[in-house]
Amino acid sequence: MTGLEMAATAGIWTLEILAIAVTVALSVAYITYAERRVIGWIQVRKGCNRVGPAGLLQPLADGLKLVLKETIIPTTANKFLFIAAPIMSLTPALVAFAVVPFGETSLFGIWDGPHVMAIANLNVGLLYIMAISSLSIYGILMAGWSSNSKYPFIGAIRSTCQMISYEISMGFGLVTVMMLAGSLNLADIVHAQAGGIQHWYMIPLFPMLLVYFISGCAETARTPFDLVETEELVSGYYTEYSGMWFATFSLAEYGAMILISLMTSILFLGGWYAPIPALDFIPGTFWLLGKTAFLIFVFIWFRATFPRYRYDQMMRLGWKVFLPWALAWIAVVGIFIYTPGLDSIINFWMPWR
Amino acid sequence: MGAAYLANEYIPIIIFIVIALVMGVAPLALTYLLAEQKPDAEKLSAYECGFEAFEDARMQFDVRFYLLAILFVVFDLESAFLFPWAIVLNKIGFFGFVEMMLFLVILLVGYIYAWKKGALQWE
């Protein structure tokens, strides 16, 4: 490969990456808008409708306002960690999108076979997602510790504790997906669910779908698990941050929410496949993004509907309900695979076997 | 699965990390340059509902958080064992399945012990 070809390849990669990273940032802006409108609608009020037609320019106005706010770095804070924390929490939230397959395309017949639309179609994709998304805990810990203020400190400890507790049940839930798909590659996992809604993993793994999605709510600190930003803690680990610095943490949180919705669609809801094979003429990306949009709506719906958990209730749910439930489901799937008679049932979802 | 695979799949990730870092730093730098900065001593003090800070914030915290972190290490390692096992489950057969179930039972004993001791209990 010549230098020119390498430069061209790197340029194409950069464009692809920008197409995803910038879209994620923009969708975060419009999810905040959707959230306000949907919650307004659920609570029988208007929501934001003043800036632009139907309030559509509201996110831009918010962004502009945030950029024009003063940067406050407390004198008692640890400066280096305080500045690094927002970057440390945003970067993993974006980088995790590198392995997400957004569909398959043969580029209108230019390529001979369908190619997976992912920045990097890693053979360890699921492991990569798990690893990168747990890195964002460091940003939270750094923010809470470096602020040298009580509310962020307590907020960071609670936040970390909540995230690590739910990460375990999340990991165990994913093990069952791997047992059925026999692969960590996200495209392989979607391929294993081809052929209509009855092949999707949400049917044999329905309890794990609940565990994964609810744990995702807890991981991203969404209602009903938003204890890290309860009134008693002012605003949790980012109390000391102002303006755009504060918004960077929100950006990371909403980015994580999009990622959880995407992953739930890919792992349990058949990814880019239509519920009925006859509907597969609609491009897969639309299906995947449609499922994701629905799950994001569910996140918002949760927020408008559920009261907040108490800390002990949340810990009980994570450690005493989800963990044994997920472990039991691993055993159940394994027993189904290895018991003569029962294996013919589970083989329906393991077409590669 | 060689150097070409690694280059094709991992170099884009490295580029992505660089772009994500830029996307993290740029708005922070932009707001610092655009917004008017008028710091004063009160504004830059740590927030404590309008009071002077009583004491340093690096205080003691409940030991249960620490206990939970230890339990997390145990169970997270456990899932790190389960990941490769789940992938090759079809190849290692019934024997491999029983082996992992035995391992899970041993872990379960520890889990029940932690439960009975009240390590998972918050009031």
Side-chain angles (χ1 to χ4, degrees), chain A residues 10 13-14 17-18 21 25 66-76 86-87 90-91 94-95 98 119-122 127 147-151 153 157 161 164-165 167-168 171-172 175 178-179 182-184 234 239-240 243-245 248 311-312 315 319-320 323 327 330-331 334 337-338 353, chain B residues 1 8-13 15-17 19-21 23-25 27-28 30-32 34-39 41 43-49 53 56-59 61 65 68-69 71-72 75-76 78-79 82-83 85-87 89-90 93-94 97 100-101 104 108 111 115 120-123:
Chain A
W13 279 338
T14 310
I17 292 164
L18 281 175
L66 285 165
V67 167
L68 293 176
K69 288 285 172 191
E70 187 176 344
T71 302
I72 294 172
I73 302 176
T75 35
T76 46
I87 301 163
L90 180 63
T91 307
L94 287 177
V95 170
I119 299 291
N121 188 19
L122 289 191
L127 190 65
S147 297
N148 198 0
S149 172
K150 278 163 206 140
Y151 299 108
F153 180 66
I157 290 176
C161 209
I164 61 177
S165 297
E167 205 174 296
I168 293 170
F172 283 153
V175 168
M178 293 171 210
M179 286 166 84
S183 174
L184 280 166
V234 187
T239 301
E240 293 290 350
M244 206 60 211
W245 296 64
T248 307
Y311 203 74
D312 62 318
M315 282 306 180
W319 284 94
K320 294 188 174 174
L323 181 61
L327 276 175
I330 292 175
I337 291 175
Y338 280 111
R353 198 166 168 221
Chain B
M1 183 99 35
N8 260 324
E9 304 296 350
Y10 285 91
I11 289 177
I13 291 181
I15 300 177
F16 205 140
I17 292 174
I19 289 178
L21 280 174
M23 282 180 72
V25 173
L28 302 187
L30 189 72
T31 177
Y32 191 76
L34 278 183
E36 193 183 1
Q37 309 290 334
K38 277 194 293 187
K43 206 188 266 177
L44 296 186
S45 64
Y47 179 80
E48 203 163 313
C49 299
D56 196 59
R58 275 90 199 251
M59 52 193 177
F61 57 89
F65 288 109
L68 219 68
L71 279 174
F72 165 72
F75 282 98
D76 213 37
E78 164 78 17
S79 63
L82 281 168
F83 275 31
W85 168 80
I87 299 304
L89 182 61
N90 204 37
F94 187 63
F97 172 65
M100 187 48 93
M101 286 303 117
L104 280 184
L108 206 63
Y111 173 69
W115 187 324
L120 310 175
Q121 189 67 45
W122 297 70
E123 71 276 347

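In what follows, every chain begins at residue 1, and chains take the letters A, B, ... in the order their sequences are listed.
Here CE of A:M178 is found 12.5 Å from CG of B:L89. Values are rounded to the nearest 0.5 Å. Taken from CG in A:L94 to CD1 in B:I19, the straight-line distance is 10.0 Å, to the nearest 0.5 Å. If you take CG on A:L323 and CH2 on B:W115, they are separated by 9.0 Å, rounding to the nearest 0.5 Å. Once rounded to the nearest 0.5 Å, the distance linking CG of B:N90 with OH of A:Y338 reads 5.5 Å.
Residue with the most contacts toward chain B among A:G334, A:G171, A:G182: A:G334 (heavy-atom pairs, distance under 4.5 Å). Each of A:L184, A:L127, A:N121 has some count of heavy-atom pairs under 4.5 Å with chain B, and the biggest count is that of A:N121. For the set A:I72, A:T91, A:L90, the count of heavy-atom pairs under 4.5 angstrom toward chain B peaks at A:T91. Ranking B:L34, B:L28, B:L82, B:L108 against chain A, the residue ahead of the rest is B:L28, based on heavy-atom pairs under 4.5 Å.
A pairwise comparison of heavy atoms in A:A120 and B:E9 identifies CB-O, 3.1 Å as the closest pair. A pairwise comparison of heavy atoms in B:L68 and A:S165 identifies CD2-OG, 3.6 Å as the closest pair. When all heavy atoms are compared, the tightest approach of A:E70 to B:K38 is OE2-N, 3.0 Å.
Taking 4.5 Å as the limit, every side-chain heavy atom of B:M100 sits out of range of all side-chain heavy atoms of A:I330. Considering only heavy atoms from C-beta on, B:F65 stays 4.5 Å or farther from A:I164 through its side chain. Using a 4.5 Å heavy-atom threshold, the side chains of B:T31 and A:L66 count as separate. Between B:L30 and A:V67 the shortest side-chain heavy-atom distance falls below 4.5 Å. Between A:W13 and B:I11, some side-chain heavy-atom pair lies under the 4.5 Å cut-off. Between B:I13 and A:L122 there is a side-chain heavy-atom pair separated by less than 4.5 Å. In this structure the side chain of B:Y32 never reaches within 4.5 angstrom of the side chain of A:I73, judged on heavy atoms.
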Inset, instruction - Carefully, step by step, assess A:I119 and B:F16 under the rule side-chain contact (heavy atoms from CB on, under 4.5 Å). - result: CA-CA 9 Å; A:I119 299 291; B:F16 205 140; 4.3 Å; yes
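With a threshold of 4.5 angstrom between heavy atoms, A:T248 approaches chain B through side-chain atoms but not through N, CA, C or O. Looking at A:K320, the atoms closer than 4.5 Å to chain B (heavy atoms on both sides) sit in the backbone and in the side chain alike. For B:M23, the parts lying under 4.5 angstrom from a heavy atom of chain A are both the backbone and the side chain. Proximity to chain A involves both the backbone and the side chain of B:I17, based on heavy atoms less than 4.5 angstrom apart.
With sequence neighbours excluded, the residues satisfying ring-ring contact (aromatic ring centres under 6.0 Å, His included) with B:F75 are A:W319, B:Y111. Under the side-chain contact (heavy atoms from CB on, under 4.5 Å) criterion, B:P27 pairs with A:M244, sequence neighbours left out.
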